[in-house]
Amino acid sequence: MSEKSSEVPENKDFPSGKPNAAGHFPREAENEFLSARDAAALLGVKLPTVYAYTSRGLIQSVPGGKGRSRRYRRRDLERLCARRDARAGHGPVAAAALRQGEPVMDSSITMISIENGPIYRGRSAIELAEEGRRFEWVAEGIWSGDWRERELPDGWRPESLGIDLEAVIRALPTRVEPLPVMSFVIPLLAAHDPGRFSWHPEAVLSRARFLLRRCAALLALGRDGIDAETAVTASLAAPSLAAAVGASFCLDLGEQEIAILDQALVLAADHELNASTFAARVAASTGTDLYGCISAALAALSGPRHGGAADRVDALLLEAGPADRVEEVVHDRQRRGEVIEGFAHPIYSPHSDPRGQMLLELARGLHEERAEVQSVVALVDAMQQGGFGGPSIDVGLVAVSRALALPAGSATALFALGRMVGWVAHSLEQYDAGFLVRPRARYREDPAARR
């Protein structure tokens with residue numbers, strides 16, 4: 001099995017990532033995908049090793065545009081390089097750690113098990129979800145490490161939103177997605193809280209409880225016919241969230257729907273040092289208040305390479321329509337060299353993300369007969385048959401949102417609200433650590449720089 005390595009000419013007539021009639025890719029796609037020979041050179045291995053990594057799900061590939069040739073995703077290659085370089089000495093360790101390489105700092109919050117998913121302070125996230133633990137109870141355990149049975153603090157039941165709702169509505173567009181709403185409102189809540197700079201754990205946690213519940217209710221902004229003031233008074237975070245994102249049944253949820261929302265939030269609560277969590281820790285290391293840490297995390301989450309995965313899965317399914325068309329759409333995108341996000345999570349490769357698989361099964365158990373759920377199942381089947389691995393948590397949250405008939409964008413809202421628990425925990429841990437997160441740059445002269 002062989003491939004020819006060739007220079008990729010610029011071609012402005014074809015979109016990035018799509019080969020032209022001659023099998024060439026535009027220069028932009030060259031940055032994202034490499035030929036097999038270039039991939040082998042980057043890794044410092046032989047071609048059969050590249051093919052072996054691909055078959056194990058460690059590298060994602062797309063058609064090369066000529067014959068049976070394939071091109072290999074640079075991000076996956078760099079991740080493998082990072083793991084290799086992390087064993088080469090102090091400098092390379094530090095550099096490689098910032099690209100999903102070796103651990104970059106100590107933490108007592110979450111350990112990731114390749115087979116079993118995240119472990120929150122000694123408790124498996126999967127098991128906590130299977131046991132039907134309430135989201136708020138799990139949040140308290142992640143923050144304190146105390147998993148004993150106990151009553152929830154009163155802070156989980158705020159009486160008001162804490163801001164001028166009418167003024168906020170006037171400032172927002174008529175239709176707005178949940179993530180921008182959270183990013184807009186949190187600084188307003190900060191401005192209304194003059195004591196926010198207290199770093200004492202109890203003061204931070206008191207704010208965190210109110211912030212989570214208020215954010216769940218404020219997601220109602222930009223949604224027709226949903227009352228945020230009513231949503232904030234719900235007794236649990238799960239039905240409050242369901243009302244806020246505009247579920248067709250609002251607060252009138254059955255026990256099974258409430259349980260599944262709780263499970264989704266629990267599974268999303270933390271995942272070690274992903275990009276948004278690391279952003280929260282960097283902000284916390286400067287001494288900023290909790291609102292600033294959450295705002296930094298939301299800014300990182302808003303990027304398409306982090307929080308945008310669920311939205312892209314949603315968009316693909318809307319484009320595909322019925323389940324019997326999903327496989328065709330998947331094959332068309334792969335033929336054009338487009339990467340379908342939400343599969344083969346790099347940390348779990350070659351295993352599947354257990355959170356995504358559990359959420360998919362929950363959605364099927366709730367409403368497998370719904371066409372919207374069947375489309376997600378068809379997508380997962382098509383990707384697994386193509387050797388692209390199992391669904392990530394992003395796909396699982398899309399499945400749950402569709403099973404509950406939530407509007408588009410709700411999967412990202414579920415992720416953000418659940419992950420806020422982890423952002424709070426890591427901010428507290430960084431406050432306690434007391435050092436400024438300030439990596440050094442290794443200067444490399446740019447040969448294209450003008451003299």
Side-chain angles (χ1 to χ4, degrees), residues 75 78-79 82-83 85-86 90-112 118 120-121 139 142-143 179-180 182-191 193 196-201 203-205 207-208 211-212 215 268-309 345-347 393 412 415-444:
R75 273 189 280 170
E78 289 179 344
R79 176 172 47 82
R83 292 182 179 179
D85 294 344
H90 176 75
V93 165
L98 296 177
R99 295 185 295 181
Q100 295 198 58
E102 298 300 305
V104 69
M105 62 173 58
D106 293 332
S107 176
S108 300
I109 300 169
T110 298
M111 178 183 74
I112 296 179
Y120 303 151
R121 296 195 189 272
I142 291 174
W143 293 337
L179 214 57
M182 295 172 72
S183 299
F184 177 77
V185 168
I186 286 176
L188 290 180
L189 291 171
D193 185 359
R196 66 186 182 276
F197 288 101
S198 173
W199 297 342
H200 190 277
V204 172
L205 290 179
R207 286 176 173 81
L211 187 58
L212 272 159
C215 282
D270 193 50
H271 203 236
E272 196 213 68
L273 290 180
N274 62 340
S276 55
T277 301
F278 191 67
R281 288 197 75 126
V282 172
S285 78
T286 71
T288 192
D289 60 83
L290 180 65
Y291 302 95
C293 296
I294 301 301
S295 293
L298 284 169
L301 184 64
S302 69
R305 295 178 72 174
H306 186 10
H345 193 295
I347 287 183
I393 190 173
T412 304
F415 181 93
L417 193 68
R419 186 56 52 88
M420 201 176 292
V421 167
W423 297 338
V424 171
H426 283 272
S427 298
L428 280 168
E429 192 173 63
Q430 192 60 46
Y431 288 152
D432 187 60
F435 64 85
L436 181 69
V437 177
R438 202 290 192 191
R440 293 292 308 279
R442 185 169 55 230
Y443 177 72
R444 298 166 65 180

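Counting begins at 1 with the first residue of the sequence.
- Rounding to the nearest 0.5 angstrom, the gap separating the CG atom in Leu428 from the CH2 atom in Trp199 is 12.5 Å.
- Smallest separation of non-hydrogen atoms from Ala284 and Gln430: CB-CB, 3.9 Å.
- Taking NE2 of His345 as the start and CD1 of Ile112 as the end, the distance is 7.0 Å to the nearest 0.5 Å.
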- Task: Go through the steps to decide whether Ile393 and His271 satisfy the test side chain to side chain contact (heavy atoms under 4.5 Å, CB included), and finish with yes or no.
- Result: CA-CA 11 Å; Ile393 190 173; His271 203 236; over 6 Å; no
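- Classified by interplanar angle (parallel below 30°, tilted 30° to 60°, perpendicular above 60°), the ring pair His306/Phe415 is perpendicular.
- The minimum heavy-atom distance between Leu211 and Tyr291, with the atom names listed, is CD1-CE2, 4.1 Å.
- The minimum heavy-atom distance between Ser108 and Glu429, with the atom names listed, is N-OE2, 2.8 Å.
- Leu290 contributes atom CG, which lies 11.0 Å from atom OG of Ser198 (distance to the nearest 0.5 angstrom).
- Closest of all the heavy-atom pairs between Asp270 and Gly422 is OD1-CA, 3.5 Å.
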- Message: Under the criterion side chain to side chain contact (heavy atoms under 4.5 Å, CB included), I'd like the reasoning laid out for Val421 against Trp423: C-alpha separation, chi angles, the key distance, then a yes or no.
- Response: CA-CA 6 Å; Val421 167; Trp423 297 338; over 6 Å; no
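- The structure places CG of Asn274 at 4.5 Å from CZ of Arg419, a figure rounded to the nearest 0.5 Å.
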- Message: Is there a side chain to side chain contact (heavy atoms under 4.5 Å, CB included) between Val424 and Ile294? Walk through the geometry before answering.
- Response: CA-CA 8 Å; Val424 171; Ile294 301 301; 4.2 Å; yes
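- Proximity of Cys215 to Val185: side-chain heavy atoms (C-beta onward) are nowhere separated by under 4.5 Å.
- To the nearest 0.5 Å, the span separating NE2 on His426 from CD1 on Ile142 amounts to 9.0 Å.
- Judged by distance alone, with hydrogens and angles left aside, the side-chain atoms of Ser285 form a donor-acceptor pair with the main-chain N or O of Val282 at under 3.5 Å.
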- Checking side chain to side chain contact (heavy atoms under 4.5 Å, CB included) for the pair Val437/Met105: CA distance, chi angles, key distance, verdict? CA-CA 10 Å; Val437 177; Met105 62 173 58; 4.1 Å; yes
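- Between Met111 and Tyr120, every side-chain heavy-atom pair lies at or beyond the 4.5 Å cut-off.
- Between Asp106 and Arg281 the shortest heavy-atom distance is O-NH2, 4.3 Å.
- What you find for Ala300 and Ser276 is that their closest heavy atoms are CB-CA, 3.7 Å.
- In terms of the ring-ring contact (aromatic ring centres under 6.0 Å, His included) criterion, Phe184 has no residue partners (sequence neighbours excluded).
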